[in-house]
Each structure stands twice: as C-alpha cells, then as structure tokens.
Chemist: 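Sharing a structure with you now.
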Amino acid sequence: MSNSNKNKILADNRKAFHDYEILEKYSAGIVLTGTEIKSIRKGLINLKDGFARIENGEMWLYNVHISPYENGNRYNHEPLRIRKLLLTKQELKKLTGKIKETGLALIPLNINLQNGFAKIEIALAKGKTLHDKRESISKKTAKREIEKAIKYNLK
C-alpha cells in the first residue's frame with residue numbers, strides 16, 4: 001500500500017466545529033458491510049447530522065449517511081442504518097461517566113482510512129450558544145485579516 005493511502009481523510013464534519021466546542025477526541029473503528037466500505041472509499045459519506053450514543057456498554061453511530069454502492073445490487077446496505085463503533089472498555093467507561101455527569105455530546109469529526117481500515121474520529125463536545133458561534137466567527141475573520149496584512153507587509 002502506498003504512503004498516501006495510510007491515513008487518508010475521506011469525509012469531515014465542518015459543521016461540528018461551528019456548532020460545538022470540542023473537548024476530547026477519540027479514534028474508533030466502525031463495523032461495516034462490504035458495500036459500505038466500498039462507498040466510503042469513494043467518499044460517498046455524510047457526517048453532518050451524525051451523533052453517537054453509548055447503550056449497554058457499546059457505542060453506536062446514528063444518522064450518518066453512507067450512499068448505496070452503485071454495483072451493490074441486492075446486497076446493498078441501508079444508507080442510514082445504525083453502526084457499531086469499536087472502542088476499548090476503558091474509553092467507553094470514561095466517556096459514559098463524562099456524558100452522564102455534564103450532558104456532553106458525542107459527534108463524528110471525520111472518517112479516514114488507516115492501513116485499509118475505516119476509522120472514525122469521535123469528539124466529546126459541548127454545544128455552542130449563538131453568542132459563542134458569533135464570537136468564534138469574529139475571531140476567525142480577525143485572524144484571517146491579520147494574516148493577510150502580514151503577508152502583504154512582507155512583500
């Protein structure tokens with residue numbers, strides 16, 4: 001396998017950084033069917049409305065749309081089916097405690113291929129208020145303007 005394929009990001013959730021304050025990140029494996037991994041490799045996945053829950057000591061991924069594989073015929077998968085995520089027991093216990101205590105959310109940030117396996121990056125996140133969103137937008141624009149000014153002053 002080539003070096004460029006070792007850790008290739010196939011889809012990311014830009015909305016997550018806008019709507020949530022990211023506290024911690026975890027990498028998890030996903031239990032997929034054959035046609036799902038083929039669709040993911042083609043980049044036919046949408047993480048925008050996705051979230052994860054811990055139920056009975058297992059983590060499950062909801063509302064992540066993986067488009068049906070075009071050559072999948074009758075063996076194709078359901079696009080919005082619930083998928084199991086693979087984490088260690090220690091990580092699951094830690095996350096369960098934090099979610100129950102503080103009311104945080106688990107959201108998918110991106111999906112990538114690591115040595116041929118699909119991995120999803122899950123974040124423990126706190127929802128932003130409208131004020132927080134506006135503040136982060138103003139900080140980004142200020143930072144962009146500063147970088148632009150520095151760039152033109154150096155020339």
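Position 1 is the first residue of the sequence; numbering continues from there.
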Chemist: Are Ile37 and Ile30 co-members of a hydrophobic cluster defined by side-chain heavy atoms under 4.5 Å apart?
Modeler: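 Yes, one cluster joins them.
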
Chemist: Where do Thr35 and Tyr69 come nearest, in terms of heavy atoms and distance?
Modeler: O-CB, 3.7 Å

Chemist: Going from OG1 on Thr96 to CZ on Arg53, what distance comes out if it is rounded to the nearest 0.5 angstrom?
Modeler: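 Going from the OG1 atom of Thr96 to the CZ atom of Arg53 covers 13.5 Å.
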
Chemist: Any chance you could measure Leu61, atom CG, to Leu85, atom CG, to the nearest 0.5 Å?
Modeler: 5.0 Å

Chemist: Mind checking whether Phe17 and Tyr20 sit in one hydrophobic cluster, side chains of I, L, V, M, F, W, Y counted as touching below 4.5 Å?
Modeler: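 Both belong to a single hydrophobic cluster.
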
Chemist: Please report the closest heavy-atom contact between Ala16 and Ile22, naming both atoms and the distance.
Modeler: O-CD1, 4.4 Å

Chemist: Please assess His18 against Ile137 for the test side chain to side chain contact (heavy atoms under 4.5 Å, CB included), listing each intermediate value before the final yes or no.
Modeler: CA-CA 9 Å; His18 181 264; Ile137 289 171; 3.8 Å; yes

Chemist: Cluster question for you: counting only ILVMFWY and a side-chain heavy-atom cut-off of under 4.5 Å, with indirect links fine, are Leu113 and Leu32 together?
Modeler: yes

Chemist: Strictly below 4.0 Å, N to O, side chains only: are Glu147 and Lys151 in salt-bridge contact?
Modeler: no

Chemist: Side chains of Ile111 and Ile9: closer than 4.5 Å at any heavy-atom pair?
Modeler: no

Chemist: Treat each ILVMFWY residue as a node, draw an edge where side-chain heavy atoms are under 4.5 Å apart, and state whether Leu104 and Ile54 are in one component.
Modeler: yes

Chemist: Show your working on side chain to side chain contact (heavy atoms under 4.5 Å, CB included) between Ile66 and Arg83 and close with a plain yes or no.
Modeler: CA-CA 11 Å; Ile66 300 175; Arg83 295 165 182 90; 3.4 Å; yes

Chemist: Who are the side chain to side chain contact (heavy atoms under 4.5 Å, CB included) partners of Phe117, not counting sequence neighbours?
Modeler: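 Testing Phe117 for side chain to side chain contact (heavy atoms under 4.5 Å, CB included), a comparison that skips the adjacent residues, returns Lys119.
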
Chemist: Would you say the side chain of Thr33 lies within less than 4.5 Å of the side chain of Arg81, judging by non-hydrogen atoms?
Modeler: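 Contact flag for Arg81/Thr33 side chains = yes.
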
Chemist: To the nearest 0.5 Å, what is the distance between CD1 on Ile122 and CD1 on Ile107?
Modeler: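 Separation between the atoms: 8.5 Å.
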
Chemist: What heavy-atom pair brings Met59 and Leu92 nearest, and what distance separates the two atoms?
Modeler: CB-CD2, 3.9 Å

Chemist: Rounded to the nearest 0.5 Å, what separation is found between the CZ atom of Arg144 and the NZ atom of Lys139?
Modeler: 14.5 Å

Chemist: Please give me the minimum heavy-atom distance between Pro108 and Asn13, naming the atom from each residue.
Modeler: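 The pair with the smallest heavy-atom distance is O-ND2, 2.9 Å.
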
Chemist: To the nearest 0.5 angstrom, please state how far the CD atom of Glu58 sits from the CG atom of Leu86.
Modeler: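 Those atoms lie 9.5 Å apart.
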
Chemist: First locate atom OG of Ser39, then atom NE2 of His65, and finally report the distance between them rounded to the nearest 0.5 Å.
Modeler: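 These two atoms lie 9.5 Å from each other.
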
Chemist: Of all residues at least two apart in sequence or in a different chain, which pass the side chain to side chain contact (heavy atoms under 4.5 Å, CB included) check with Tyr26?
Modeler: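 With sequence neighbours excluded, Tyr26 shows a side chain to side chain contact (heavy atoms under 4.5 Å, CB included) to Glu24, Leu87, Glu91, Lys94, Leu95, given in chain and number order.
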
Chemist: Among the clusters formed by ILVMFWY side chains lying less than 4.5 Å apart, do Leu109 and Val64 turn up in the same one?
Modeler: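 Leu109 does not cluster with Val64.
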
Chemist: When you compare the side chain of Pro79 with that of Pro68, does any pair of heavy atoms fall below 4.5 Å?
Modeler: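 Sidechains of Pro79 and Pro68: in contact.
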
Chemist: Donor-acceptor pairs under 3.5 angstrom involving side-chain atoms of residues 40-49: please list them, not counting sequence neighbours.
Modeler:
residue: Arg41; atom: NH2; partner: Gly116; partner atom: O; Å: 3.0
residue: Lys42; atom: NZ; partner: Glu70; partner atom: OE2; Å: 2.8
residue: Asn46; atom: OD1; partner: Lys48; partner atom: N; Å: 2.9

